[in-house]
S.K.: 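Take a look at the following structure, please.
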2 protein chains.
Amino acid sequence: MKVGYVQNSPLFGEKEKNFAQIEKLIDNIQADLIVLPELFATGYTFISKEEALNLAEKINGDTSIFLQQISQKTGAIIVGGFVEKEGSKIYNSSMMIFKEKIIGTYRKIHLYNKEKMWFSPGNKQFMIYEVNNVKIGIMICFDWIFPESARSLALLGADIIAHSANLVLPYCQNAMKTRCLENHVFAITANRIGTEERGKDKFIFTGASQITAFDGEVLSSAPVSEVFVDIIDIDIKAARNKSLNEFNNLFKDRRQELYKL
Amino acid sequence: MKVGYVQNSPLFGEKEKNFAQIEKLIDNIQADLIVLPELFATGYTFISKEEALNLAEKINGDTSIFLQQISQKTGAIIVGGFVEKEGSKIYNSSMMIFKEKIIGTYRKIHLYNKEKMWFSPGNKQFMIYEVNNVKIGIMICFDWIFPESARSLALLGADIIAHSANLVLPYCQNAMKTRCLENHVFAITANRIGTEERGKDKFIFTGASQITAFDGEVLSSAPVSEVFVDIIDIDIKAARNKSLNEFNNLFKDRRQELYKL
């Protein structure tokens, strides 16, 4: 299975330009799954809910149409972030597209920092989607710090976690080795680069998008400050075997009756 | 608070010699908490249940008496591993001693590999013990790979995790950075060194005992193949603050209703 990511450098609020950058980056690429960063078309550093609302879309908006186009071009399932609008609420969401179909969405469950000022927290459970016999779970950025996120997706059967991100702290890439190893899942962390200085906030996004194997091995690691695309071959079957040895199985060995969670 | 570990090199089955080695290693040391490895006095590589049973003790056996002596000498709370006997069952256990008192025990909940052939799995919940205003949780070796172990201890209020180990795989030390960061707890991973070749098994224990801070920083890292003791100063208060910033708290931000665990 050919999987990968696009590490882009969005301009705040410039959806069309950001779509165009990604289109150029994926020119001539064929794959089975491509993950784009969190909020890849809008930028991240909102200064008000109104501003985020102005860039929000229903599920079938411009971003969905763009993702359908690149899915058809690349042949890949595409996962990427957008500002999702439902009534007066907006969510920091990710959608999964395959060809002309919207497979599903995910609303970020653990909002980071000032996101809580404009976004509503995700109100749906972690879910996985099966496309072409591959089970894909979605989480977004800061969800990584809660072990319950990747654990929930893995227990639901995820082979691979599509992890769109806008990382500004240095911890996630290393932690993903543990997230993948403890669950025997693959993960694609698609991060962005660039700096956004808006209002009182200045964020430097840290790139280093990463594909991590079921055993914690880093299979792909992007540069920290250049746009980048990588597509690699993985054997998803490894994620379906939760055994470590003849005696130990990561899931069957769990002792839920003895935990305090 | 002065905390540390002893990284020893036990001889299989030679309790008295192993006690003596540790006594020498901690000569002149004063501390508040010292963690010893898993099964630090017996060795690890049993070839039958009978053999393990022969080295087993009730809670108030020779190992307990030894730990009371070194607790009195060092002034420290001591945590270390032993083969615990109860009726016809044996457990891979850890005990916590302070001066002449047995504070509590922990029976390894997640047994590794052939341990399942001789030990009964821990049948008591994860617990923490409070001594001198410090809340200490215990886990043993392979428990680290299950995020539920450290999470349970942290949610129960642990400031610090006493993590006795006999590590043979290369993953744990790095994973402990994530375990500590995701829970804002300190951890002391006390590992052993040396090789045991018994029956069909040969284990090379990997040393590199480690003290990890609440933010994932490695505060102490022992050599991989020498006996070693380290005692460092930590400020336990940092583990009682689960906030990452003005908006995010590692515990309050959990969304249990949306997890599938």
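Lettering of chains follows the sequences in order, A, B, ..., and the numbering in each one begins at 1.
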S.K.: Quick one, A:Leu153 and B:Tyr259 - any side-chain contact, counting heavy atoms below 4.5 Å?
M.R.: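 A:Leu153 does not reach B:Tyr259 side chain to side chain.
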S.K.: Just verifying a value: how many Å separate B:Leu111 CG and A:Phe247 CZ, rounded to the nearest 0.5 Å?
M.R.: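 Those atoms lie 11.0 Å apart.
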S.K.: If you count every heavy atom of other residues, nucleotides or ligands that lies below 6.0 Å from A:Lys89 atom NZ, does the total exceed 12?
M.R.: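 Incorrect, the count does not exceed 12.
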S.K.: To the closest 0.5 Å, what do you measure between CD (A:Gln256) and OG (B:Ser152)?
M.R.: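 Rounded to the nearest 0.5 Å, the CD-OG separation comes out at 10.5 Å.
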S.K.: Quick one: what part of B:Leu244 sits under 4.5 Å from any heavy atom of chain A, side chain, backbone, both or neither?
M.R.: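 Contact with chain A is through the side chain of B:Leu244 alone.
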S.K.: Closer than 4.0 angstrom, basic N to acidic O: yes or no for B:Arg179 and A:Glu182?
M.R.: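 Yes, charged N to carboxylate O under 4.0 Å.
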S.K.: Are A:Asn113 and B:Asn248 close enough that a side-chain donor and a side-chain acceptor fall under 3.5 Å?
M.R.: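 On atom types as modelled, these side chains do not qualify, holding no pair under 3.5 Å.
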S.K.: Just wondering, do B:Asn245 and A:Tyr112 contact through their side chains at under 4.5 Å, heavy atoms?
M.R.: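 Side chain of A:Tyr112 against side chain of B:Asn245, heavy atoms only: contact under 4.5 Å found.
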S.K.: Between B:Glu246, B:Lys124, B:Lys177, which shows the greatest number of heavy-atom pairs under 4.5 Å with chain A?
M.R.: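 When all of B:Glu246, B:Lys124, B:Lys177 are compared, B:Lys124 has the most.
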S.K.: Does any heavy atom of chain A fall under 4.5 Å from the side chain of B:Thr178, the backbone, both, or neither of them?
M.R.: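 For B:Thr178, the contact with chain A is made by the side chain alone.
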S.K.: Heavy-atom pairs under 4.5 Å with chain A: which of B:Gly216, B:Ser149, B:Gly122 has the most?
M.R.: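 Heavy-atom pair counts peak at B:Gly122.
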S.K.: Let me know if A:Asn123 has heavy atoms under 4.5 Å from chain B in its side chain, its backbone, both or neither.
M.R.: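 Backbone of A:Asn123 only, per the 4.5 Å heavy-atom cut-off to chain B.
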S.K.: Keeping the roles fixed (side chain from B:Asp253, backbone from A:His110), state whether a donor-acceptor pair exists under 3.5 Å.
M.R.: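 Side chain of B:Asp253 to backbone of A:His110: no pair is present.
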S.K.: Is the NZ atom of A:Lys85 crowded by more than 12 outside heavy atoms at less than 6.0 Å?
M.R.: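 Result for NZ/A:Lys85: open.
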S.K.: Are the side chains of A:Lys260 and B:Phe126 in touch, meaning some heavy atoms are under 4.5 Å apart?
M.R.: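 Side-chain contact under 4.5 Å: no.
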S.K.: Given that the side chain runs from C-beta out, which part of B:Glu257 has a heavy atom under 4.5 Å from chain A: side chain, backbone, both or neither?
M.R.: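 Interface part for B:Glu257: backbone (N, CA, C, O).
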S.K.: One thing to verify: whether A:Arg151 and B:Glu148 come together as a salt bridge, which I'm taking to mean a side-chain N less than 4.0 angstrom from a carboxylate O.
M.R.: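 Answer for the salt bridge query: yes.
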S.K.: Atom CD1 of A:Ile145 and atom CG of B:Leu181: how far apart are they, to the nearest 0.5 Å?
M.R.: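 CG of B:Leu181 is found 4.5 Å from CD1 of A:Ile145.
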